[in-house]
Protein chains: 2
Amino acid sequence: MPPDPLSSTFAALADPTRRAILARLALGETSVMELAKPFDMSLPAISKHLKVLEHAGLISRGREAQWRPCRIAPASFQQVDGWLGNFRRFWDESFNRLDGLLEEMKAEEAAEAPPRTTRKVNNRKVRVTKEKQRGRTRG
Amino acid sequence: MPPDPLSSTFAALADPTRRAILARLALGETSVMELAKPFDMSLPAISKHLKVLEHAGLISRGREAQWRPCRIAPASFQQVDGWLGNFRRFWDESFNRLDGLLEEMKAEEAAEAPPRTTRKVNNRKVRVTKEKQRGRTRG
DNA sequence: GCATTACTTAGCTCATCGGTTAAATAACCT
DNA sequence: AGGTTATTTAACCGATGAGCTAAGTAATGC
């Protein structure tokens with residue numbers, strides 16, 4: 001049974017070595033040798049980690065002579081972020097106070113611009129019209 | 001060796017049953033029995049999953065008579081989101097427009113009186129004025 | 001007290017994971 | 001061709017993880 005993509009991605013992220021590799025790659029594309037340097041670990045171990053990251057869709061790999069440069073692949077990160085979005089209201093104050101924010105945005109927009117009803121906020125579409133806050137017994 | 005919190009959290013999220021449990025809890029606090037219902041799985045299995053989620057800081061559990069109601073705990077979600085933030089520029093358009101944002105902040109500072117053009121959205125600063133897309137040479 | 005309900009703990013199995021070393025592949029450079 | 005550099009594959013090992021059944025704990029209610 002092939003595990004679903006989100007599970008593979010989270011599993012890949014659950015290892016500190018792999019997260020460190022990703023952090024290094026956030027600085028820019030680089031080779032396996034270069035990636036291996038900081039770790040007290042055999043090269044095959046790193047190679048395996050990279051395979052896991054690639055299979056999880058978190059990196060992609062090119063070919064340049066004898067090097068296989070690695071770089072961040074955005075899609076899986078985005079999926080994780082999307083999934084997390086379902087829970088954002090539990091900790092993100094501005095999400096919790098959506099009405100206030102959206103109301104304000106609406107007012108502003110009405111004052112100056114074409115009356116769109118959605119707008120991109122960190123690449124997530126958000127209704128600009130008022131959304132009622134349901135009474136939750138949390139916190 | 002105790003695994004670092006972020007690793008435990010990602011590991012906990014790497015299981016579809018546990019993510020489904022969290023999705024259910026996003027609808028509101030509930031009992032173990034209730035949580036177990038949708039799954040074709042023994043109760044001890046669910047109990048273990050809950051233990052993993054609790055240890056990962058993703059849920060907390062109370063006591064009410066013979067029930068142990070579970071609810072979402074925000075902190076670990078927030079940590080994951082924070083970690084993910086280091087990579088947001090790889091897929092998030094408004095994060096990619098960092099220069100524009102920083103330029104604007106600088107201008108704002110120079111103008112000393114705050115005609116604020118940024119605002120916090122999801123706890124991240126985001127331009128509210130129109131966004132222009134610069135050609136970035138990534139992917 | 002004793003049965004019922006709600007859960008957890010113990011002990012087992014089997015698969016997967018992170019690491020190892022040794023050998024294989026691939027592309028470059030005389 | 002033969003050597004060097006970069007990286008992967010193969011085969012193995014010990015630890016962890018997800019599932020099970022059976023038994024244990026805890027509070028409710030007759």
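Note that these values count all heavy atoms, side chains included, but never hydrogens, waters or copies made by symmetry. A, B, ... follow the sequence lines: proteins, then strands. Residue 1 opens every chain.
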- Item | Residue pair M33(B) / R68(B), side-chain heavy-atom distance below 4.5 Å | no

- Atom CD1 of I46(A) and atom P of dT9(D) are separated, to the nearest Å, by 15 Å

- Query: Do R19(B) and L53(B) come close enough that some side-chain heavy atom pair is under 4.5 Å?
  - Reply: no

- Whole-Å distance between dT25(D) C1' and K51(B) NZ? 13 Å

- When you match A65(B) and W67(A) each to their closest nucleotide on DNA chain D, which lands nearer the 5' end? W67(A)

- Item | M33(A) or D15(B), whichever maps to the more 5' nucleotide of DNA chain D | M33(A)

- Message: Looking at every non-hydrogen atom in both residues, tell me the closest pair between T30(B) and L25(B) and how far apart they are.
- Response: CG2-CD2, 3.9 Å

- Hydrophobic cluster identity match, F90(B) and L84(A), side-chain contacts under 4.5 Å: yes

- Query: How close or far is atom P of dG24(D) from atom CG of L43(B), stated in whole angstroms?
  - Reply: 18 Å

- Between W83(B) and F87(B), is the ring centre distance below 6.0 Å? yes

- Task: Provide, to the nearest angstrom, the distance between the CG atom belonging to L13(B) and the C1' atom belonging to dG17(D).
- Result: 16 Å

- Could you tell me the separation between the CZ atom of R63(B) and the C1' atom of dA27(D), rounded to a whole number of Å? 12 Å

- Can you pull the contact range of chain A along DNA chain C, 5' to 3', using atoms under 4.0 angstrom from its heavy atoms? dG18(C) to dC28(C)

- Quickly work out the K37(A) NZ to dT5(D) C1' distance and round it to whole Å. 13 Å

- Task: Decide yes or no for R61(B) and R71(B): does some side-chain heavy atom of the first lie under 4.5 Å from some side-chain heavy atom of the second?
- Result: no

- Side-chain donor or acceptor of K48(B) under 3.5 Å from a matching atom on the base of dG17(D)? no

- Message: Looking only at the side chain of R68(A) (C-beta and beyond, no hydrogens), which of the listed nucleotides dT28(D), dT7(D), dG19(D) gets closest?
- Response: dT7(D)

- Item | Non-hydrogen atoms of F10(B) and L13(A) that approach each other most closely | CD1-O, 3.3 Å

- Query: Want to settle it: does S42(A) or E64(A) sit nearer the 5' end of DNA chain C, counting the closest nucleotide to each?
  - Reply: S42(A)

